[in-house]
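Since the structure comes first, as structure tokens, the remarks are kept for the end.
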Amino acid sequence: MSNTPQSSASNFIRSIIEVDIASGKHANIITRFPPEPNGYLHIGHAKSICLNFGLAQDYQGRCNLRFDDTNPEKESQEYARSIQDDVHWLGFQWDGEVRWASDYFEQLYRFAIELIEKGLAYVDDLTPEQMREYRGTLTQAGKSSPSRELSVIENLDLFARMRAGEFADGSRVLRAKIDMASSNMNLRDPVIYRIRRAHHIRTGDAWCIYPMYDYTHCISDALEGITHSLCTLEFEDHRPLYDWVLDNLSIDCHPRQYEFSRLELHYTITSKRKLLQLVNDKHVSGWDDPRMPTVSGMRRRGYTPDSIREFAKRIGVSKSNNTVDVGVLEGCVREDLEMKAPRVMAVVNPLKVVVTNFIEGQTVSRMASYHPQHPEFGERLVPLGKEIWIEADDFSENPPVGWQRLAIGGEVRLRYSYVLRCDYVVKDALGKVVELRCSIDQDTLGKNPIGRKVKGVIHWLAIEHALPAEIRLYDRLFTVPEPDVDKDVDFCTYLNQQSLQVVDGWVEAAVSEAAPETHYQFERIGYFCTDRYEHQPGKKIILNRTVALKDSWAKE
RNA sequence: UGGGGAGUCGCCAAGUGGUAAGGCAACGGGUUUUGAUCCCGUCAUCCGUAGGUUCGAUCCCUACCUCCUCAGCCA
């Protein structure tokens with residue numbers, strides 16, 4: 001009997017867990033999601049969140065949220081808050097309270113003393129430059145620092161004085177004494193504590209020494225009883241150090257670290273440093289700009305938690321480098337919104353049409369369903385009028401072969417209304433089409449015309465009843481698939497100047513009172529979402545385009 | 001030219017000594033008052049390359065090739 005839920009694909013981590021459960025090594029698994037609060041979460045983190053929390057759910061285990069807050073200079077409460085919000089929004093709940101690596105500072109300190117007492121750590125006063133020199137290179141062994149031979153007594157004293165603030169920032173470090181000749185650079189006596197007088201978001205000014213990631217992470221995992229510590233591939237080389245620390249300390253728990261490949265997406269970047277640069281340099285409005293690959297940006301854009309979780313499921317987990325096309329992500333939202341978003345009509349690029357034979361009080365309006373497959377979504381009246389807006393793109397003076405939209409002398413179905421014929425085109429002095437004079441076939445409401453077939457259907461809005469709306473159309477943020485592949489070229493040079501287009505469009509009155517973050521499908525156009533922050537129900541309608549509808553005509 | 005990883009369809013990704021899952025995309029057809037959705041069908045004689053072991057290898061062995069990664073007092 002397998003523990004694998006049918007909904008989740010097999011992957012190497014699940015295989016390991018299943019073996020561990022089957023062998024009795026673990027009765028319950030405990031995972032953790034360990035972000036550093038130094039930026040907002042992005043789609044790559046979402047993959048990790050879905051993995052860690054998903055595993056815990058599927059195997060009846062637990063998953064902790066633990067902040068790796070060991071570098072006070074870059075961390076903030078704002079980031080920590082946003083991260084918690086994002087995890088919740090994605091649909092996950094961590095086990096118990098939020099954990100902080102800083103909660104373990106005292107224990108970490110005592111373990112460091114244990115290491116010193118065992119002769120496995122020493123205080124060094126080499127400058128950063130010297131340390132780099134002493135470290136050697138990939139092909140040459142490093143050499144020992146003079147401090148490597150300090151006695152336990154001396155090290156104990158020095159380390160205590162480091163904590164007491166007797167030394168200047170950066171003047172001394174505590175190093176693990178492992179092997180300066182190791183072919184693994186991480187084992188060449190890595191620094192495990194440095195002196196930094198920085199205000200910490202949790203511990204304030206209580207400490208002037210801070211533990212390094214490699215030293216902190218494994219111990220934090222062990223203290224929390226983590227069974228499977230999952231991280232990305234670049235930490236593979238750190239695993240021997242992870243194990244070394246735990247093997248040499250009196251901790252009876254030794255979590256196992258497993259690495260999986262990080263997610264790469266075409267036309268976007270997933271580097272917190274670079275995302276921060278986009279924010280700082282004002283290339284975007286903030287971390288939650290709808291063009292950002294951040295969780296909060298995608299949320300604002302209109303992505304749903306379900307769609308992101310589905311995405312994580314589709315891309316899978318492995319150890320091979322992979323680059324996923326954004327089309328996969330888009331496919332996930334379309335699929336989710338297809339069944340969840342009510343349909344409504346909107347005109348993004350309006351062209352005025354005068355229905356010449358519209359007869360007030362006689363020409364009828366129909367009710368329209370909010371969802372073709374879900375009558376429970378309800379319906380509303382879509383009023384027709386003498387003057388209507390249609391999409392400028394739905395009319396062509398010189399229609400190409402296969403054109404199913406409006407053309408001079410041609411007919412088209414007005415969605416939920418009559419069949420419309422274009423009789424006359426009004427142009428301005430420059431020859432630009434500014435208005436269409438059309439007539440409807442009075443006998444086509446709710447039924448097809450007799451003797452001829454009208455294939456095309458277009459959306460429209462009665463001018464009298466349409467509501468003005470600010471519509472934000474987003475395109476990819478970068479013009480090339482891999483903006484940051486070339487180290488010599490600033491990725492900002494590949495910014496897509498047309499990534500945001502704000503247009504004044506029109507929407508059905510039904511949208512008027514929509515709350516922020518309401519999803520809609522604008523028929524024939526795409527999925528849109530009322531802006532989380534700026535949309536004001538009943539006052540200012542602001543919609544963000546989440547993703548366009550698939551368009552097999554546009555491809556031709 | 002040190003260490004650690006990875007190479008299976010356009011993109012992800014299972015799999016395993018017994019003759020290549022699935023998803024996305026793509027393509028063909030059907031339904032449709034969204035050129036959407038939905039439905040049906042097609043889509044790797046082949047698993048980086050070359051040898052070897054075997055009745056039989058993508059899975060085992062050998063060599064090679066390619067890509068990623070490591071020299072922060074970042075995580």
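Throughout, protein chains are lettered first and strands after them, A, B, ... in sequence-line order, and every chain is numbered starting at 1.
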Touch class at under 4.0 angstrom, heavy-atom based, for Arg262(A) against every strand present: nothing
Presence of [X] side-chain N/O under 4.0 Å of [N] phosphate oxygens OP1/OP2:
X: Ser183(A); N: G4(B); result: no
X: Arg132(A); N: G72(B); result: yes
X: Ser10(A); N: G15(B); result: yes
X: Arg196(A); N: C73(B); result: no
X: Lys313(A); N: G23(B); result: no

Closest-nucleotide ordering on RNA chain B, the 5'-leading residue of Thr137(A) and Val317(A):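 Its nearest nucleotide lies further toward 5', so the answer is Val317(A).
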Residue mapping more 5' on RNA chain B - nearest nucleotide basis, Gly136(A) or Asn448(A): Asn448(A)
Donor-acceptor pair under 3.5 Å, Asp237(A) side chain vs G3(B) base: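 Donor-acceptor pair under 3.5 Å: yes.
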Side-chain donor/acceptor contact of Arg405(A) with base of G35(B) under 3.5 Å: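 Yes, the side chain and the base share a sub-3.5 Å donor-acceptor pair.
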From [atom1] of [X] over to [atom2] of [N], roughly how many Å is that when rounded to an integer?
X: Asp179(A); N: G3(B); atom1: CG; atom2: P; value: 14 Å
X: Ile178(A); N: C70(B); atom1: CD1; atom2: C1'; value: 15 Å
X: Leu126(A); N: G72(B); atom1: CG; atom2: P; value: 13 Å

Criterion side chain to side chain donor-acceptor pair (under 3.5 Å) against Ser229(A), the qualifying member of Arg239(A), Glu224(A), Glu259(A), Arg32(A):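 Testing each of Arg239(A), Glu224(A), Glu259(A), Arg32(A) against Ser229(A), the sole residue satisfying side chain to side chain donor-acceptor pair (under 3.5 Å) is Arg32(A).
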Close aromatic pair by centroid cut-off 6.0 Å: His217(A) and Phe235(A):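 Centroid separation for His217(A) and Phe235(A): 6.0 Å or greater.
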Ring centre gap for Phe159(A) and Tyr193(A) strictly below 6.0 Å: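 Ring-ring flag for Phe159(A)/Tyr193(A): true, centres closer than 6.0 Å.
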Nearest-Å distance once atom P is located in both G30(B) and G22(B):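 Result for the P pair: 26 Å, nearest Å.
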Distance under 6.0 Å and angle within 45° of ring axis: Arg380(A) vs Tyr370(A):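 Output yes; distance and angle both within limits.
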